[in-house]
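Structure, as structure tokens:
Counting starts at 1 for both ligands and their atoms, in listed order.
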Amino acid sequence: LTIADRALEPAAALRRLGSPRFWRAVRRWERFVERSERWSPEQLAAYQLDRLRAVVAHAVEHVPYYRNLLEGSVPASLDDLRRLPLLEKRILQERIDELVAQNVPQSERYYYTTAGSSGTPVGFWHDLDQQHRERAFMRAQWRRVGYTEGARSAVLRGNIVERGLWQHDFVNGTLMMSSYSLTLARLPAYVARLRQLKPKYLQAYPSSAAIVARHMLDTGEPPIAGLRAVLCGSETLFPEQRTLIEQAFGARVYSWYGHSEAVALGGECEHDTAIHLFPQYGYVELVDEEGEAVTERGATGEIVATSLHARAMPLIRYRTGDLAVLGAQACERCGRPYQLLERIEGRVQEFVVTSTGRRISMTAINMHSPIFDNVFQFRFAQERPGEVSLRIVPKPSYSPEADDAQITRALMQKLGDDMALRLELVDEIPRGGRGKYRFLDQMLDLGA
Ligand SMILES: [Zn+2]
């Protein structure tokens, strides 16, 4: 747990962190993950159905929202489950009290909030056991690139550093570096500190790691010796970011997909960059805009997921607002019989809308193209369909005439005639909740 995460946990949970009881619970989940990773596809499917039925039965009995909605019916099969209504984030915001199980006392749950894609905070309750579960599943993923508990690591994931640019986190034995101070003037100090620390792992938001990587390549800095992997999560990892980070740091990028709501979790394997969804963590479906199942490999859909373990606040068929491309049903390279997502396309809110209603993904706009060579940071903002503004923090080398023209020309080719673009030079672009970086401030409601 990082300090940012810890600040949101109840005092009782904090006291338990580092206690033998805490670690016994983590190890219990770790043994479960190890064991179930070797199950056959049939065993996994049976386990999923069993858990889904238990979660829905518990919800129908103890959660007022589901008692009313489902009128006592528990799905007998996955087909039945897929006919249950989708749960919108809006319901979580408006009716949280009705979503809490009445038989789980407050001492067995904790409250957690997330900034939410459109800046509206979403809060929810987790079982205390969720912390153990999360840690166990995450360690199982990171072990695929050699990570062991306590390996020397630097963390660049939006933690609040109280003084200076970094501080030691003695609970986890990591060096936490501020993601809020990655300015041109300070970047050399970050790189120097990393060289001195010689971390084996860098845990980072892709946007933060990419800023450091870009600086290293621009100034001819060699890779960080001894670094084994850059562990990237919590934000969409764009393909150009992966290339940039791997090139600069001389280490593999390992990415995973999960969210604070804890309904689904998956990550890359030893050999492949597809997201391997843990079938023993959550049940994941991809749906199209009409809510119909997306089943064709290579097709894109929104991730809808159901936790297999939540008791305090079971989320059933929860719309995550994240889009992904469906992959194979098992990984040929590592042999795990897990559903693969070829890639995460980003959030529904990470699209811009043209005047004719076309949606263009941020993925389509190469964020690390040479057209941005003289740009330190940028962010798009959209308030009206068909109009987008681009705020730019220029480097000293930026020329308002030449660079403006070059950027406008290149972007208009991608955006098309039904979009108007306005450039604006600014001194700074503030980070969002938890220090995450968004390439787009989408103020239109795109449905998530
Ligand atoms: Zn694999």
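- Side-chain contact of Gln280 with Ser36: a donor-acceptor pair under 3.5 Å is present, judged by distance alone.
- Less than 2.8 Å away from the Zn ion (ligand 1), the protein contributes these N/O/S atoms: Cys269 SG, His276 NE2, Cys331 SG, Cys334 SG.
- For the 3.5 Å distance criterion, the side chains of Gln241 and Ser207 fail to qualify, holding no donor opposite an acceptor.
- Asp127 and Tyr110 share no side-chain donor-acceptor pair at under 3.5 Å.
- In this structure, a donor-acceptor pair under 3.5 Å is absent between the side chains of Gln203 and Tyr254.
- Side-chain contact annotation: Arg133 with Gln130, donor-acceptor N/O pair under 3.5 Å present.
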Intermediate values then yes/no, salt bridge (charged side-chain N to carboxylate O under 4.0 Å, His left out), Arg139 and Glu149
CA-CA 8 Å; Arg139 301 295 137 155; Glu149 191 72 45; 3.3 Å; yes
